[in-house]
Amino acid sequence: MLEWYDENARTFPWRALPNQKANPYHVWLSEIMLQQTTTTAVIPYFQNFLRKWPTIEELAQTQLDEVLHAWQGLGYYSRARNLHKCAQVIVNEHGGKFPKSEPELLKLPGIGPYTAAAIASIAFDKVATVVDGNVIRVISRLFALESQKPALVREVQALAAPLTSKARPGDWAQAMMDLGATVCQPRTPHCELCPWQTSCQAYVLKAVAKFPVRPKRRHKPTRFGIVFWIQDAQERILIQKRPPKGLLGGMMEFPSTPWAETSCSMDEAMAHAPYQGVSNHVEKEVRHTFTHFHLKLRIVKLQLTTMPHEGLWVNLSDLGQYALPSLMHKVLRAASCG
Ligand code: SF4
């Protein structure tokens, strides 16, 4: 496996070159970004973060809004809030140095078992078992595991731990990730390139596609809401900040009704509008999918004839300076082009 890795390792801006020590700040930052996002999407964000905040001290000192703004488009914004919080804990309580052990890493904001194992092994060469989607796929095929999540994860953990290289645990973790991403791929595994071909149970059984066994899909509910595109007499748009906790916490948004299981009438919707104005009843709709539900938001434009004093009113051309999540970018695109 390590011979395969020495020849086939992928290069990333956060990866140390051969014979160089990994930078824990880079490893941590990349692992948080990679939690729900592909490597290709992460690279420009990672580089931008390092340009803005070359050290963890600089990241800790910046305002959360700036971090959220730089995170825009990566989704799952609780990661960005925890990233900022974690940087402050590292600087204020650990003298700017990451702890090296998994139990200590696990105490930090936003760091779960996978990320703790990844940082301990990749940044500090500690023997730790990294279990992510790639590793689950490789191990479940290697041993032809019939179980499903969550039992599967425990089984994979138990089987992967004794395989881990004691001499090069960091490289082993990255080798597992790379094998899963480039060879043992979900739909088209390249078994002919795999260093484990002869010992892989799924391959021997000619049943690679069966593993990992997939649970039946759960139905994802749809929620509905109305979002208000409110312009004042100067054509500025009203935005507001979402509560700090919960879905898209701390991000900016256009005001909306609550997102409910049934759609509401216009009268009900207007009771939630922060201002009453001349309604154009623009019936554009944007759709977005979150982890646990689909969302359909109808856009209603309200034109005010006055200059309101309350609220954050922003020129259309300045909206890009605010931390709008992808959903609100969809609203912005739909509402501003017609
Ligand atoms: Fe995956 Fe094929 Fe290698 Fe088995 S032989 S681990 S299925 S790539």
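Nothing fancy with the numbering, it's 1 onward along the sequence. All ligand and atom numbering here is 1-based and tracks the order in the structure.
Every pair tested for side-chain hydrogen bond (donor to acceptor under 3.5 Å, both in side chains) that includes a residue from residues 81-102 fails, sequence neighbours excluded, so the list is empty.
In this model, a donor atom of one side chain and an acceptor atom of the other lie less than 3.5 Å apart for E253 and Q240.
Ordered by chain and number, C194 SG make up the set of protein N, O or S atoms under 2.8 Å of atom 3 (Fe) of ligand 1.
Ionic pairing of R236 and D318 is not present here: no N-O contact between side-chain nitrogen and carboxylate oxygen is shorter than 4.0 angstrom.
Within the 4.5 Å cutoff, the side chain of F224 has no heavy atoms near those of the L297 side chain. A heavy-atom distance below 4.5 Å is found between the side chains of H288 and F290.
Ring-plane geometry between H26 and F46 is classed as perpendicular, the angle between the planes exceeding 60 degrees on a 0 to 90 degree scale with a lower cut at 30.
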